[in-house]
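In what follows, a structure is listed as structure tokens, so that the remarks can point back to it.
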Amino acid sequence: MKKTQQMLIAILLSALSVLASAETAVIVAAGNGNGSMDSATISKIFLGKSKSFPDGSQAIAVDQADGNPAREAFNDKVLGKSGSQLKSYWSRLIFTGKGTPPKQYADDAAVKAAVAADPNTIGYIDAASVDGSVKVVGKF
Amino acid sequence: MKKISALSLLTVAISAAAPAAQAGDLNINGFLSVGASMLDKNDAEIAGADNQGGFKQDTILGLQVSKQVNDSTSLTGQLVSRGSDNYSTEAAWAFVTYSANDELDLRMGRLRIPAFYYSDFLEVGYTYNSIRPAEEVYRIPFSSIDGVDLAQRFSSGDIDGTVQVYYGRYQGDFESNGTVYEADFRNVTGISVSANMGNFGSRLSYNQGELNLGSPAPTGTGLAVAQGSANGLAFLYGDSSAAEDFNISGQTSSFIEAALTYDDGTYSVLAEWTAFDHETSVLLDDQAWMVSAAMRMGEFTPHVRYSTQKDEFDSGVEGDIQKQFGLEADESSITLGLRYDYDSSTALKFEVQNHDEKTIGGADGDSVTLYSAAVDLVF
């Protein structure tokens with residue numbers, strides 16, 4: 001019995017450390033003039049409440065596909081909402097013609113390519129996938 | 001014939017939309033709720049259910065097509081087919097949106113009246129925990145008008161919100177106490193203000209319209225008879241001028257609403273209070289409110305709700321006359337429910353609702369229990 005408990009705790013701890021190490025990087029194009037942003041600013045852009053960057057230029061959020069680990073981490077750590085809460089949030093806007101959710105891209109590579117190509121976009125990927133084509137404006 | 005045309009409309013919408021969906025500029029979304037409900041006994045009226053069980057009342061299909069015409073203009077159309085209305089299909093929304101800037105939208109066409117907290121997404125069951133909104137509170141028997149509205153979003157520090165003003169007209173059926181009238185509500189106008197700050201939200205709305213009820217049922221009960229006999233009664237009460245207060249055309253009705261919400265991701269609460277004030281004495285003024293609370297535990301969300309509605313008599317002779325018609329109601333419900341999020345676009349819901357009609361039709365009512373289950377999805 002005690003052994004099982006110890007094993008469970010070990011599994012939990014290792015799971016937590018894996019989660020902790022998988023940092024999510026919020027990225028913009030390398031040429032985007034904005035500095036680091038807090039989660040409130042990023043949330044507003046991703047929830048369609050704000051359509052511009054802090055410097056006033058247009059901001060277009062780029063999302064990851066449903067079920068991607070990066071998306072789940074971002075939803076949880078930055079937006080603070082579960083998948084179904086977000087779906088509910090967007091459904092309320094979609095069916096009143098008041099908004100459309102950010103376009104979804106297949107994976108980190110696709111998001112990185114889309115963000116690197118357009119200085120008005122903002123996306124997020126696993127911190128390990130970051131390279132010189134994009135600039136990190138927040139790590140969560 | 002009506003059904004065929006409704007069905008073919010949907011088919012046309014779907015087939016027209018399907019090839020264009022790949023074009024990228026046309027968005028197709030939809031929602032579907034399929035429900036089953038059963039009352040323990042037929043001694044009170046709630047959600048159109050009876051003790052034989054039914055699969056129709058909570059079943060709703062909605063299909064929305066929208067197209068971004070250019071940077072500032074979009075078109076949105078939403079067809080809704082309701083089991084409670086024998087699946088006849090109607091355009092709940094059909095409007096063109098012009099975005100003057102990022103914060104200001106002007107819309108024209110067929111729009112929802114933003115009277116309630118849930119008004120905008122009333123039929124998209126997926127967006128809330130219960131199977132249906134509280135019937136005691138959500139008691140306006142029509143939901144769309146043809147007109148214009150203006151929505152201004154604002155954001156300041158931690159607060160963001162929307163101010164919406166609208167103006168339009170409703171021509172169509174109006175049901176009151178079981179009788180359907182041909183109605184023409186003119187100069188329907190109002191304002192709603194909603195604001196969010198962190199986990200808290202609030203909403204206020206004021207709405208008014210000029211009531212014009214035509215073609216009342218030639219026989220039977222209801223407002224027409226009430227109006228007719230009010231004349232005689234006013235005479236009996238020695239106040240013939242009171243009869244004029246029972247007119248059903250050209251009188252203004254107003255509706256106010258206030259709501260408070262809290263949602264910290266785990267616990268959520270919604271409290272909503274509403275009141276009707278009718279210039280005509282044929283319709284009774286009333287107040288209705290509800291409080292609901294829910295707790296999210298992973299995929300499971302148990303929730304509880306109390307809702308109540310109570311009619312109020314006018315003062316003086318008008319009130320004395322109103323009492324003779326046996327139209328007033330005083331009712332409440334306690335609802336216990338469980339929502340299970342099967343996946344990120346499908347929810348299963350189970351509910352038990354005890355509905356108590358303390359007074360109905362001016363007489364003592366009964367209390368019944370309603371059992372319901374539903375599947376809600378969005379696509």
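Please read these numbers as outputs of a predicted model, since none were measured by experiment. By convention in this document, chain letters (A, B, ...) are assigned in the order of the sequence lines, proteins followed by strands, and residues within each chain are numbered from 1.
Heavy-atom pairs under 4.5 Å with chain B peak, among A:Lys87, A:Lys103, A:Gln58, at A:Lys87. Chain A forms the most heavy-atom pairs under 4.5 Å with one residue out of B:Arg107, B:Arg153, B:Glu123, and that residue is B:Arg107. Highest contact tally toward chain A, considering only B:Asp263, B:Leu111, B:Asp341, is held by B:Asp341 [criterion: heavy-atom pairs under 4.5 Å].
Checked by atom type and distance alone, the side chain of A:Thr121 pairs as donor or acceptor with a backbone atom of A:Asp118 at under 3.5 Å.
Note on ring orientation: taking the six-membered ring where Trp is involved, the planes of B:Phe200 and B:Tyr262 are tilted (angle from 30° to 60°).
Taking a cutoff of 4.0 Å between a charged side-chain nitrogen and a carboxylate oxygen, A:Lys44 and B:Asp158 do not qualify as a salt bridge. Using a 4.0 Å cut-off between a side-chain N of Lys or Arg and a carboxylate O of Asp or Glu, B:Asp58 and B:Arg132 qualify as a salt bridge. For the pair B:Arg339 and B:Glu299, the salt-bridge criterion is not met [side-chain N within less than 4.0 Å of a carboxylate O]. Comment: B:Asp120 does not engage A:Arg92 in a salt bridge, judged by the lack of any side-chain N to carboxylate O separation of less than 4.0 angstrom.
Only the side chain of A:Thr100 comes within contact range of chain B, with at least one heavy atom under 4.5 Å from a heavy atom of that chain. Contacts of A:Ser82 with chain B are absent, with no heavy-atom separation under 4.5 Å from either backbone or side chain. For B:Asp105, no part sits under 4.5 Å from any heavy atom of chain A, backbone or side chain. For B:Ser155, the part lying near chain A is the side chain, with the backbone staying farther off; criterion is any non-hydrogen pair under 4.5 Å. The part of A:Lys49 that comes within reach of chain B is its side chain, from C-beta onward, which places non-hydrogen atoms under 4.5 angstrom from that chain. For B:Phe95, the part lying near chain A is the side chain, with the backbone staying farther off; criterion is any non-hydrogen pair under 4.5 Å.
Side chain to side chain, A:Ser129 and A:Asp131 fail the donor-acceptor criterion of an N or O pair below 3.5 Å.
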